[in-house]
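Okay, so here's the structure we're looking at.
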Amino acid sequence: MRFDVVTLFPAIFDGYLTQSLLDKAIVRGLVEIQRHNLRDWAEDTPHRKVDDRPFGGGPGMLLQVEPTVTCVRDVDAMCDVPARKILLTPQGRRLDQRLAEDLATSDRIMLMCGRYEGFDQRVLDILQPEEISIGDFVLNGGEVAAMTIIDAVVRLLPGVLGDEQSSLDDSFSRGNRMLEFPQYTRPREFEGHTVPDVLLSGDHAAIAKWRAEQSRVKTIDRRRDLLPENSKPNHEHPNQRS
Ligand SMILES: CC(C)N1CCN(Cc2ccc(Cn3ccc4ccc(-c5n[nH]c(N)c5C#N)cc43)cc2)CC1
């Protein structure tokens, strides 16, 4: 899979791209991530300006339609595989595991990271990107959201996680809608806090039963909405893929 990230701050991704799981996936050719600085498409070269004040007044600045549309079209043309265009925005469809699994089926994704107050509306009208939000809180730009999407998607790609780390049993993965049971490792006792005896018993049936019960209790306590009897569809935006 290839990600193309359009951003005013490509350096934000430096540390993220060298973290071990992603770095290994890149080295193994399982994923490719290319960054593109929107300022390289600025008309006004001395200042590399790509933003301007909103018509009609209002706070802040908007990213202009001309450099953005030109940049996206040029980036899209850099590779034969057309990119699935994703625009990060507080107003987008909420990212969840089902959407991450859908994104993981794409061969190429372009992540459009805005700043300031976002993009001129004509960027959305012309390019018709899918609009995605990572949650109901306000960020200062799309880059953190882009990294979140890359993180959630890359771990789902075949071969990225070893078998023992499979994402299949993750909470929220592939319809699994239960929170995870508590986990323990050595030492067996720390400051008087011990490991539940069942986990040391070697009785795999008893361990599985205990873990299922722990998941159920935690889910009822914290995320009753995840239980099958309470599940609601994640309503898609009109220009979302089915
Ligand atoms: C009328 C006027 C005073 N209001 C002013 C605040 N407006 C909302 C507003 C607020 C902040 C930003 C900053 N920003 C720029 C690009 C960008 C991309 C993603 C996100 C983002 N935030 N939260 C998420 N889950 C996101 C995702 N994905 C935020 C972004 C952009 C836009 C609403 C209008």
Side-chain angles (χ1 to χ4, degrees), residues 1 3-17 22 33-42 48-72 75-76 83-104 106 108-156 171-172 223 225 232-241:
M1 173 185 277
F3 287 93
D4 288 278
V5 182
V6 173
T7 171
L8 289 176
F9 300 104
I12 281 181
F13 294 82
D14 287 352
Y16 174 66
L17 295 180
L22 193 53
I33 300 178
Q34 297 295 336
R35 289 170 278 179
H36 310 277
N37 189 335
L38 182 58
R39 283 198 197 287
D40 294 343
W41 278 267
R48 289 162 51 89
K49 184 174 166 51
V50 293
D51 61 299
D52 208 334
R53 297 186 309 283
F55 283 122
M61 304 290 273
L62 290 172
L63 290 169
Q64 291 176 288
V65 59
E66 194 280 334
T68 303
V69 168
T70 307
C71 168
V72 169
V75 169
D76 205 4
R84 182 174 178 175
K85 300 179 189 66
I86 307 286
L87 186 144
L88 290 316
T89 170
Q91 286 83 37
R93 174 187 172 187
R94 175 87 75 83
L95 179 69
D96 60 13
Q97 194 65 17
R98 188 168 71 95
L99 179 50
E101 289 165 0
D102 178 55
L103 292 170
S106 309
R108 186 183 179 203
I109 290 177
M110 187 185 309
L111 295 168
M112 300 166 62
C113 304
R115 277 277 161 169
Y116 313 124
E117 296 301 314
F119 291 98
D120 180 305
Q121 177 60 36
R122 290 166 292 183
V123 169
L124 289 83
D125 298 342
I126 293 166
L127 298 175
Q128 297 277 303
E130 296 173 61
E131 298 175 53
I132 293 178
S133 165
I134 62 167
D136 292 340
F137 43 82
V138 181
L139 301 171
N140 295 308
E143 288 80 8
V144 166
M147 281 184 261
T148 300
I149 288 177
I150 292 170
D151 219 78
V153 169
V154 167
R155 70 191 313 277
L156 297 173
S171 296
F172 317 113
R223 292 295 306 273
D225 60 294
K232 299 186 187 69
N234 177 356
H235 291 293
E236 296 186 355
H237 278 232
N239 62 339
Q240 296 301 341
R241 290 188 172 193

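All of these numbers come straight from a predicted model, not from anything done at the bench. Ligands are counted one by one from 1 in listed order, and the atoms in each one are counted from 1 as well.
Legend: residues meeting side chain to side chain donor-acceptor pair (under 3.5 Å) with N37, ordered by chain and number and at least two apart, are absent.
Checked for salt-bridge contact, E130 and R93 miss the test: no charged N lies under 4.0 Å from a carboxylate O.
A heavy-atom distance below 4.5 Å is found between the side chains of Y116 and L8.
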request  = Dump the intermediate steps for side chain to side chain contact (heavy atoms under 4.5 Å, CB included) on M112 and T68, then the final yes or no.
outcome  = CA-CA 9 Å; M112 300 166 62; T68 303; 4.3 Å; yes
Between ligand 1 and the protein, which N/O pairs are shorter than 3.5 Å?
unit_1	atom_1	unit_2	atom_2	d
ligand 1	22 (N)	L139	N	3.0
ligand 1	23 (N)	F137	O	2.6
ligand 1	23 (N)	L139	N	3.3
ligand 1	25 (N)	S133	OG	3.1
ligand 1	25 (N)	I134	N	3.4
ligand 1	25 (N)	G135	N	3.4
ligand 1	25 (N)	G135	O	2.9
ligand 1	28 (N)	I132	O	3.4

Review item, side-chain donor-acceptor pairs of residues 48-65, under 3.5 Å, at least two apart:
unit_1	atom_1	unit_2	atom_2	d
R48	NH1	D40	OD1	3.1
R48	NH2	D40	OD1	3.2
K49	NZ	D51	O	2.5

Could you give the side-chain donor-acceptor pairs of residues 139-154 under 3.5 Å, partners two or more places apart or in another chain?
unit_1	atom_1	unit_2	atom_2	d
E143	OE1	R115	NE	2.9
E143	OE1	R115	NH2	3.0
E143	OE2	T7	OG1	2.6
T148	OG1	V144	O	2.9
D151	OD1	Y16	OH	2.8

